[in-house]
There are 2 protein chains.
Amino acid sequence: MEIGRPYSRLLHRLERFNALCSDDRRYVAELPLTVANFAASQEVARRGDTPSRCTLVLSGFLYGHKALDNSRRQITSLLVPGDIADLNTLHLSTLDHSISALGPAVVAFLPHTPLKYMLDRSPHLARAFWREAFLEAAILREWVVNLGRREALAKVAHLVCELAVRLQAVDLGRNLCFSVPWTQMDLADACGISAVHANRVVQELRRLGLVDWDCRQVKIRDWDALVKVGDFSDDYLQMQTAVKEALPIEQGLSEYA
Amino acid sequence: MEIGRPYSRLLHRLERFNALCSDDRRYVAELPLTVANFAASQEVARRGDTPSRCTLVLSGFLYGHKALDNSRRQITSLLVPGDIADLNTLHLSTLDHSISALGPAVVAFLPHTPLKYMLDRSPHLARAFWREAFLEAAILREWVVNLGRREALAKVAHLVCELAVRLQAVDLGRNLCFSVPWTQMDLADACGISAVHANRVVQELRRLGLVDWDCRQVKIRDWDALVKVGDFSDDYLQMQTAVKEALPIEQGLSEYA
DNA sequence: CGACCGATTGACACAGCTCAAATGAAGTGG
DNA sequence: CCACTTCATTTGAGCTGTGTCAATCGGTCG
């Protein structure tokens with residue numbers, strides 16, 4: 001796929017708010033990188049590591065997670081193509097959480113040194129990366145709300161809405177339909193519920209006619225209703241007009257803004 | 001208190017990892033600022049706002065929060081003196097969550113423009129601010145874990161541990177004792193539990209001899225046990241040696257590292 | 001003194017957990 | 001091409017942590 005132009009999605013992301021000048025685009029496009037493949041469930045980086053490069057998702061999905069005492073884990077983030085998984089290692093030496101591949105994934109490793117050099121040089125690029133970091137924090141904040149104050153059905157609905165919007169922004173979610181190589185156990189660990197209950201919730205969402213959800217394929221059948229159930233508002237994703245225009249009109253997008 | 005030197009705590013924080021050169025210190029110390037007082041529960045900034053300055057906590061506590069449909073709210077962060085509450089507004093125009101004063105608080109408003117100018121100019125300062133941003137994200141990640149995968153007693157214990165360490169780092173938590181102007185309702189909204197249950201949990205922590213907890217004053221009586229109950233590990237706070245040295249030896253700090 | 005707010009307590013309900021077993025799908029090796 | 005394994009989904013049954021409701025108590029402030 002876009003291995004040939006590994007930065008296309010990243011550049012697209014970085015330019016979401018402000019266009020970059022051609023020098024800056026070249027800076028990014030000429031960053032040295034190593035492409036690597038990961039199998040499903042393979043660990044990309046482990047908590048406590050002190051990596052010397054950042055990880056850009058090229059295709060597939062990664063997820064951040066922390067393990068607890070009792071063999072449980074909490075997924076703290078889902079990373080889609082175009083996301084940088086561990087930007088924090090750029091300035092915080094030790095990784096505070098682990099990162100693994102959800103399904104098979106292709107990533108690009110970007111060595112810290114040239115990345116830092118670049119960001120020191122170009123204020124515009126620095127700003128664009130700041131935005132990425134703050135966007136990640138905004139998503140984490142919304143996850144805090146999701147995990148803290150919503151019941152299971154809403155948690156799952158909310159996560160599906162978030163993924164739909166994020167994937168659409170990178171062209172992986174046309175027609176309110178996307179596919180993620182997660183199991184219901186992964187879903188459970190992302191939503192802080194048990195796997196058994198995750199299953200029941202998925203069934204309930206199906207029963208309510210909100211989604212088709214076969215295996216890894218999720219098709220949202222009633223966006224407005226799902227938004228309502230999940231108490232979703234996309235403002236924290238900072239997609240502004242870009243995404244809203246891309247969503248089909250007849251689904252009544254104006255509703256949830 | 002340190003209104004006379006409003007940046008002392010911030011400088012201390014920024015220099016936690018690397019000392020700043022005297023030029024950089026002067027840069028910071030000469031940032032223009034406006035000091036403002038807030039009463040308990042007063043709103044400092046509201047979701048949707050597009051502020052043109054950042055908010056540095058000088059004394060007292062702020063908290064970030066998001067309201068849900070049903071008159072519920074989730075507290076997403078507690079901000080202690082030395083924290084910058086809304087660094088994200090520097091590059092993300094609209095605020096994704098509200099910020100309020102927990103008790104009476106004194107803050108300094110730092111206009112974006114000189115701040116941006118400064119960060120564009122000094123790579124070292126930029127790095128220090130990056131670290132602050134990433135640290136905030138690391139805390140959010142731990143909150144995600146706390147809310148998603150721990151039961152109520154552990155949630156509260158964990159939060160108390162976190163606060164103890166963070167407050168100690170800014171000299172507000174000597175002897176494993178600190179005071180925060182929160183109510184049990186605030187505690188509940190931070191831990192994603194009901195106020196009634198928060199009360200029961202606090203009582204249980206008292207009963208177990210883990211803490212003295214009168215009104216706003218929290219005294220940790222058995223650090224090791226509290227750490228264990230809360231499944232706490234301070235690595236995500238990136239305090240490194242600094243804090244560990246500051247904690248009393250006899251409390252067996254080596255345990256939880 | 002009355003009003004108000006926060007802490008506390010008790011009774012009850014229920015969302016979601018655990019345990020355990022069955023079913024289905026997909027891959028492996030003979 | 002069929003046993004066999006493995007892994008994910010599904011279903012059922014009972015249990016429990018936590019929520020809700022409602023009342024009480026205590027302190028503070030005007």
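To find a chain, count down the sequence lines: A is the first, B the second, and so on, and within it residues start at 1.
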What is the nucleic acid contact for [X], judged by heavy atoms within less than 4.0 Å: base, sugar-phosphate only, or nothing?
X         : answer
Arg206(A) : sugar-phosphate
Arg150(A) : nothing
Thr183(A) : sugar-phosphate

For the pair made of [atom1] in [X] and [atom2] in [N], what is the distance, rounded to whole Å?
X         : N       : atom1 : atom2 : value
Leu205(A) : dT9(D)  : CG    : P     : 15 Å
Trp182(B) : dA7(C)  : CH2   : C1'   : 15 Å
Glu204(A) : dT9(D)  : CD    : C1'   : 17 Å
Met185(B) : dA7(C)  : CE    : P     : 10 Å
Lys155(B) : dT18(D) : NZ    : C1'   : 9 Å
Asp214(A) : dA8(D)  : CG    : P     : 17 Å
Trp213(B) : dT8(C)  : CH2   : P     : 11 Å
Leu187(B) : dT18(D) : CG    : C1'   : 15 Å

(message) With salt bridge (charged side-chain N to carboxylate O under 4.0 Å, His left out) as the criterion, how do Arg174(A) and Asp171(A) come out once you've worked through the C-alpha distance, each side chain's angles and the decisive distance to 0.1 Å?
(response) CA-CA 7 Å; Arg174(A) 297 210 164 286; Asp171(A) 244 355; 3.1 Å; yes
(message) Heavy atoms from C-beta onward define the side chain here; which of dG19(D), dA7(C), dT10(D) lies closest to that of Ile193(B)?
(response) dG19(D)
(request) Tell me which nucleotide among dT9(D), dT10(D), dT9(C) gets nearest to the side chain of Gln203(B). (result) dT9(C)
Of [options], which meets side-chain contact (heavy atoms from CB on, under 4.5 Å) against [X]?
X         : options                                   : result
Val57(A)  : Val170(A), Leu62(A), Val106(A)            : Leu62(A)
Cys54(A)  : Leu33(A), Asn88(A), Thr89(A)              : Thr89(A)
Val156(B) : Leu205(B), Val229(B), Leu210(B)           : Leu205(B)
Val180(B) : Leu167(B), Val218(B), Leu78(B), Leu172(B) : Leu167(B)

(request) May I ask you to verify if any side-chain N or O of Asn199(A) is less than 4.0 angstrom from the OP1 or OP2 atom of dT10(D)? (result) yes
(message) Taking 4.0 Å as the cut-off, does a side-chain nitrogen or oxygen of Arg216(A) come that near to OP1 or OP2 on dT9(D)?
(response) yes
(request) Kindly state each residue pair satisfying side chain to side chain donor-acceptor pair (under 3.5 Å) with at least one member in residues 73-85 of chain A, sequence neighbours excluded. (result) Arg13(A)-Asp83(A), Tyr63(A)-Arg73(A), Arg73(A)-Asp186(A), Arg73(A)-Asp189(A), Asp83(A)-Arg166(A)
(message) Within this structure, what is the OG-CZ distance for the pair Ser179(A) and Arg216(A), rounded to the nearest 0.5 Å?
(response) 9.5 Å
(message) Quick check: on DNA chain C, is the nucleotide nearest Gln184(B) upstream (toward 5') of the one nearest Gly192(A), or the reverse? Name the residue that is more 5'.
(response) Gln184(B)
Between the protein and nucleotides 11-15 of chain C, list every N/O to N/O distance that falls short of 3.5 Å.
residue: dA11(C); atom: N6; partner: Arg200(B); partner atom: NH2; Å: 3.2

(request) Decide, yes or no, whether a salt bridge links Asp212(A) with Arg206(A) under the criterion of side-chain N to carboxylate O below 4.0 Å. (result) no
(message) If the helix axis at each end comes from five base pairs, how far does the helix from dC1(C)-dG30(D) to dG30(C)-dC1(D) deviate from straight, to 10°?
(response) 40°
(request) Answer whether the closest heavy-atom distance between the side chains of Val145(B) and Trp143(B) falls below 4.5 Å. (result) no
(message) Just to verify, which of Arg141(B), Glu162(B), Glu142(B) counts as forming a side chain to side chain donor-acceptor pair (under 3.5 Å) with Tyr236(B)?
(response) Glu162(B)
